[in-house]
There are 2 protein chains.
Amino acid sequence: MIIKKGEGCCSPEPGSRIRGFIQPWILLLLSEKPSHGYELLERLHSGSPETPMDTALLYRTLRQMEADGMVRSGWETGGNGPARRLYEMTGEGVGCLHAWTMNLRRTRERLDEFIAVYEERFGDGGRS
Amino acid sequence: MIIKKGEGCCSPEPGSRIRGFIQPWILLLLSEKPSHGYELLERLHSGSPETPMDTALLYRTLRQMEADGMVRSGWETGGNGPARRLYEMTGEGVGCLHAWTMNLRRTRERLDEFIAVYEERFGDGGRS
DNA sequence: TCCGCTATATGTCATACTCATATAGTAAAC
DNA sequence: GTTTACTATATGAGTATGACATATAGCGGA
């Protein structure tokens, strides 16, 4: 259930997403194997079908990450369909992924703290 | 360790914060007792001293939440120091807090999924 | 009266995200 | 042979959120 505009009191809130979460996800997926944008979209979608990824955000983020040195790309022609830009992670990208994950662990701690305080006050509503 | 501007590859990332996290925190704190902006700042700060809250964001968010009907406020004079705007949660705000927390639970699930995939690939680095 | 603390507020800017739209190659259907 | 669908990348415009600076003002103590 994603809360949309005008649906409720927290309508401006698009589901409490984590800022910049797409970048570590891209790095994590690329750490498994090199991939192109459209394939990353599908891999991200299969991981969380309820929150489809925006193509504009993905492609722009990839270009930015390349400018920042986290990934590098090259055109891959010869397959069927249009040419695809194949991305792979750089050594710097690996370091980024580790640093980002440390940040995300702290984010999870803050989130856990919130939920703990909430449940202490209101109960866990049947959740374990 | 918060990664600051120019410190590393993920320098544009100010610590992987959750979008709009301040609003449910405000509601959760107000569910304990009515409070004014400055006091909310201190209560938020005591909860996470490593990420100080921006005053501009807090005060503007409070006014926006009041416009949205989640909280209401009144001036409190008579104490020492300048007048303070005392906020309390509305019934609508309670509903918001519950809805937001549901969103945050899903956010935590996505975060857990990321960290699980990361640890599966790189190990947990000595963390339990 | 100057400084520090309390308290609220606005101005401005950058970034992240959303939505719409453009472009183009391939392959199958009609 | 052209229309449709899928694959694939990209840009333009607009909004939302957050970051940083600064303004204002009451109060108490040095």
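First the proteins, then the strands, lettered A, B, ... as listed; each starts at 1.
For B/Leu40 and C/dA9, the CG to C1' distance is 16 Å, given to the nearest whole Å. In this entry the distance linking CE of B/Met53 with P of D/dA19 reads 8 Å, nearest Å. Separating the CD1 atom of A/Ile26 from the P atom of D/dT9 is a distance of 12 Å, rounded to the nearest angstrom. Regarding A/Leu58, its CG atom lies at a distance of 14 Å from the C1' atom of C/dA16, rounded to whole Å. Spacing between atom CD of B/Glu66 and atom P of C/dA9 amounts to 9 Å, rounded to whole angstrom units. Per the geometry, CD belonging to B/Gln23 stands 12 Å off P belonging to D/dA16, to the nearest Å. Nucleotide D/dT17 holds its P atom 16 Å from the CD1 atom of A/Ile18, rounded to whole Å. Between the P atom of D/dG18 and the CG atom of B/Leu44 lies a distance of 12 Å, rounded to the nearest Å.
The residues A/Glu32 and A/Arg43 are annotated as salt-bridged, a charged nitrogen and a carboxylate oxygen being separated by less than 4.0 angstrom. Ion pairing between a basic and an acidic side chain is recognised when a charged N comes within 4.0 Å of a carboxylate O; B/Arg72 and B/Glu92 show no such pairing.
Put simply, A/Tyr59 has no side-chain N or O that comes within less than 4.0 Å of OP1 or OP2 on D/dA10. Within the structure, a side-chain polar atom (N or O) of B/Arg63 is placed less than 4.0 Å from OP1 or OP2 of C/dA9.
Nucleic acid contact class of B/Thr55 (heavy atoms, under 4.0 Å, all strands): base. Base contact: A/Arg60 has a heavy atom under 4.0 Å from a base atom.
Of the residues near DNA chain C, B/Asp54 and B/Leu41, the one whose nearest nucleotide (by heavy atom distance) lies more toward the 5' end is B/Leu41.
No donor-acceptor pair under 3.5 Å is formed between the side chain of A/Ser35 and the backbone N or O of A/Leu30.
Side-chain proximity of A/Ile22 to the nucleotides D/dA21, C/dC17, D/dA10 is greatest for C/dC17. Taking only side-chain atoms of A/Arg17, from C-beta outward, the nucleotide of C/dG11, C/dT18, D/dG18 with the closest atom is C/dT18.
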Sub-3.5 Å pairs of nitrogen or oxygen atoms, protein against nucleotides 1-7 of chain D:
{"from": "D/dT7", "atom 1": "OP2", "to": "A/Tyr38", "atom 2": "OH", "distance (Å)": "3.1"}

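When every heavy atom of A/Leu41 is checked against every heavy atom of A/Met53, the shortest pair comes out as CD2-CG, 3.5 Å. Here the closest non-hydrogen pair linking A/Ala83 and A/Thr77 is CB-CG2, 3.8 Å.
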In sequence, state the C-alpha distance, the side-chain angles, and the governing distance for B/Glu39 and B/Lys33, and then conclude on salt bridge (charged side-chain N to carboxylate O under 4.0 Å, His left out).
CA-CA 11 Å; B/Glu39 192 181 42; B/Lys33 61 166 185 169; 3.3 Å; yes
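In this structure, the separation between OH on B/Tyr87 and CG on B/Leu27 is 12.5 Å, given to the nearest 0.5 Å.
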